[in-house]
K.L.:
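My questions will all concern the structure given below.
The shown structure was predicted, so the numbers you read here are calculated from the model rather than taken from an experiment.
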Amino acid sequence: ELRILGNLSQDPVFVEAYATGQDLHTRTAAEVFDVAYDKVEKHMRTAAKAINFGLCYGMSSMGLSKRLKISEKEASIMINKYFNKYKGVKRYLDKSGTDAVRNRYSLTVSGRRRYYNMPPFDHPDRRKIKGRIERQGKNAGIQGSNADTIKEAMSMLVGRLEPYDARLILTVHDEVVVEVKDEQRHEVAQVVANSLIDGFGRYFNTIPM
């Protein structure tokens, strides 16, 4: 999901981190806690991981404070530092939330739409519903595009498994499960891996799988 966010936002720090083989959570911790990359401690990386994934879901400073058991002010400072460094991510998330409200739908990378029901102006809960749609809109493009890539990978995989005594069983979130004869497992494992990489590459190439 973070690779997808990097591709969609084209954030230069995300792109650089992945291009140079850095761990994104460690890089984020270094930026948020103002320490050198090689001085990041475990608790810092854990906090940065919560920020990286949480903000993809529109998490607020209150949500982050509860998750990390810190004050809301401290959480707000961390989020501000994050967005100050990852300006491309902020632009993408803000635009995605605004577009979801304005257009009443979000788009995935393949063009699929997720629709929203926006109430009329005189609805008593309009502000609350608008906020919820904004949060959903920030994440819909990421999650929906993730689904696009794995569906593409599964489509490729079905054909590529034909020469083997193997079959695609199911998908679980961002993985696929394949049943295969024991003696073919190593070769088929590579076929599965290549299909996931190629399915992702069908839509994204700035930051590869």
K.L.:
Considering only heavy atoms from C-beta outward, does the side chain of R114 approach that of Y116 to under 4.5 Å?
P.N.:
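The answer is yes, as the side chains (C-beta and beyond) meet within the 4.5 Å cut-off.
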K.L.:
Check ring pair (Phe, Tyr, Trp, His ring centres under 6.0 Å) between F121 and all other residues, then give those that pass, not counting sequence neighbours.
P.N.:
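If we apply the ring pair (Phe, Tyr, Trp, His ring centres under 6.0 Å) test to F121, skipping adjacent residues, there are no hits.
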K.L.:
Does the pair K87/D11 count as a salt bridge with the N-to-O cut at 4.0 Å?
P.N.:
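Between D11 and K87 there is no salt bridge, as every charged N stays at least 4.0 Å from the carboxylate O atoms.
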K.L.:
Using side-chain heavy atoms (C-beta onward) and a distance below 4.5 Å, is K85 in contact with K81?
P.N.:
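The answer is no, as the side chains (C-beta and beyond) never meet within the 4.5 Å cut-off.
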K.L.:
Can R102 and D99 be said to form a side-chain contact (heavy atoms from CB on, under 4.5 Å), step by step?
P.N.:
CA-CA 5 Å; R102 179 187 296 119; D99 286 350; 2.9 Å; yes
K.L.:
To which residues is V177 joined in a hydrophobic cluster, defined by side-chain heavy-atom contacts under 4.5 Å among Ile, Leu, Val, Met, Phe, Trp and Tyr, whether direct or through other members?
P.N.:
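Besides V177, the cluster holds I169, L170, V172.
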K.L.:
Please walk me through it: do K130 and E134 pass salt bridge (charged side-chain N to carboxylate O under 4.0 Å, His left out)?
P.N.:
CA-CA 6 Å; K130 177 176 178 286; E134 286 177 341; 2.9 Å; yes
K.L.:
If the condition is salt bridge (Lys or Arg N to Asp or Glu O under 4.0 Å), which residues does K49 pass it with, not counting sequence neighbours?
P.N.:
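Scan of K49 (salt bridge (Lys or Arg N to Asp or Glu O under 4.0 Å), adjacent residues dropped) gives none.
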K.L.:
Looking at CD1 of I4 and CZ of F14, how far apart are the two atoms once the value is rounded to the nearest 0.5 Å?
P.N.:
12.0 Å
K.L.:
Without swapping roles, check the side chain of K66 against the backbone of G63 for a donor-acceptor pair under 3.5 Å.
P.N.:
no
K.L.:
Kindly compute the distance separating CG (L55) from CG (L64), expressed to the nearest 0.5 Å.
P.N.:
7.0 Å
K.L.:
Could you measure the distance from the CD atom of Q22 to the CG atom of L24? Nearest 0.5 Å is fine.
P.N.:
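Answer for the CD-CG pair, Q22 versus L24, is 9.0 Å.
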K.L.:
In Å and rounded to the nearest 0.5 Å, what is the CG to CG distance from L196 to L157?
P.N.:
7.5 Å
K.L.:
Does V158 reach the side chain of L161, with side-chain heavy atoms less than 4.5 Å apart?
P.N.:
no
K.L.:
So, are E41 and R45 salt-bridged, with charged N and O less than 4.0 Å apart?
P.N.:
no
K.L.:
Under 4.5 Å between any side-chain heavy atoms of Y92 and L5, yes or no?
P.N.:
yes
K.L.:
Could you work out, with side chain to side chain donor-acceptor pair (under 3.5 Å) as the rule, every residue matching R104, not counting sequence neighbours?
P.N.:
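Here no residue qualifies.
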K.L.:
What ring-ring contact (aromatic ring centres under 6.0 Å, His included) pairs are there with at least one residue in residues 64-85, not counting sequence neighbours?
P.N.:
Y82-Y86
K.L.:
Are Y164 and V180 packed together at the side-chain level, in the sense that at least one heavy-atom pair is separated by less than 4.5 angstrom?
P.N.:
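The answer is no; the side chains never approach within 4.5 Å.
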K.L.:
For D165, which residues count as a salt bridge (Lys or Arg N to Asp or Glu O under 4.0 Å) partner, sequence neighbours excluded?
P.N.:
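So D165 forms no salt bridge (Lys or Arg N to Asp or Glu O under 4.0 Å) with any residue.
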K.L.:
Output all residues satisfying salt bridge (Lys or Arg N to Asp or Glu O under 4.0 Å) with D94, sequence neighbours left out; order by chain, then residue number.
P.N.:
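Partners of D94 by the salt bridge (Lys or Arg N to Asp or Glu O under 4.0 Å) criterion, ordered by chain and then number, come out as K90.
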K.L.:
For Y37, what are the other residues in its hydrophobic cluster, where any two members join if their side-chain heavy atoms are less than 4.5 angstrom apart?
P.N.:
none
K.L.:
Has S76 got a side-chain atom pairing as donor or acceptor with K73's backbone, closer than 3.5 angstrom?
P.N.:
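No; judged by distance alone, with no hydrogens or angles, the pair does not exist.
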K.L.:
Consider only side-chain N and O atoms of S195 and R160, and report whether a donor and an acceptor are under 3.5 Å apart.
P.N.:
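Side-chain D/A pair, S195 to R160: present.
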K.L.:
Are I70 and V40 connected into the same hydrophobic cluster when the rule is that any two of I, L, V, M, F, W, Y join if their side-chain heavy atoms are below 4.5 Å apart?
P.N.:
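Hydrophobic grouping puts V40 with I70.
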K.L.:
Other than Y115, which residues form its hydrophobic cluster under the rule that side-chain heavy atoms must be closer than 4.5 Å?
P.N.:
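Y105, L107, which link up through side-chain heavy atoms under 4.5 Å apart, make up the rest of the cluster.
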K.L.:
For residues R135 and M59, determine if any side-chain heavy atom of one lies less than 4.5 Å from a side-chain heavy atom of the other.
P.N.:
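They are not in contact (no side-chain heavy atoms under 4.5 Å apart), so the answer is no.
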K.L.:
Identify all side-chain donor-acceptor contacts of residues 201-209 below 3.5 Å with residues at least two apart in sequence or on another chain.
P.N.:
unit_1	atom_1	unit_2	atom_2	d
Y203	OH	E152	OE1	3.4
T206	OG1	Q10	NE2	3.2

K.L.:
Atom OG1 of T149 and atom CE of M154: how far apart are they, to the nearest 0.5 Å?
P.N.:
11.0 Å
K.L.:
Is the backbone of K181 close enough, under 3.5 Å, to the side chain of Q184 for a donor and an acceptor to pair up by distance?
P.N.:
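No, the answer is negative, given that no donor and acceptor are paired below the 3.5 Å cut-off.
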K.L.:
Which residue pairs pass the ring-ring contact (aromatic ring centres under 6.0 Å, His included) test when at least one of the two sits in residues 53-76, sequence neighbours left out?
P.N.:
H25-F53
K.L.:
Can you pull the side-chain hydrogen bond (donor to acceptor under 3.5 Å, both in side chains) pairs that have at least one residue in residues 118-129, sequence neighbours excluded?
P.N.:
none
K.L.:
Could you tell me whether the side chains of E31 and T28 share a donor-acceptor contact shorter than 3.5 Å?
P.N.:
no
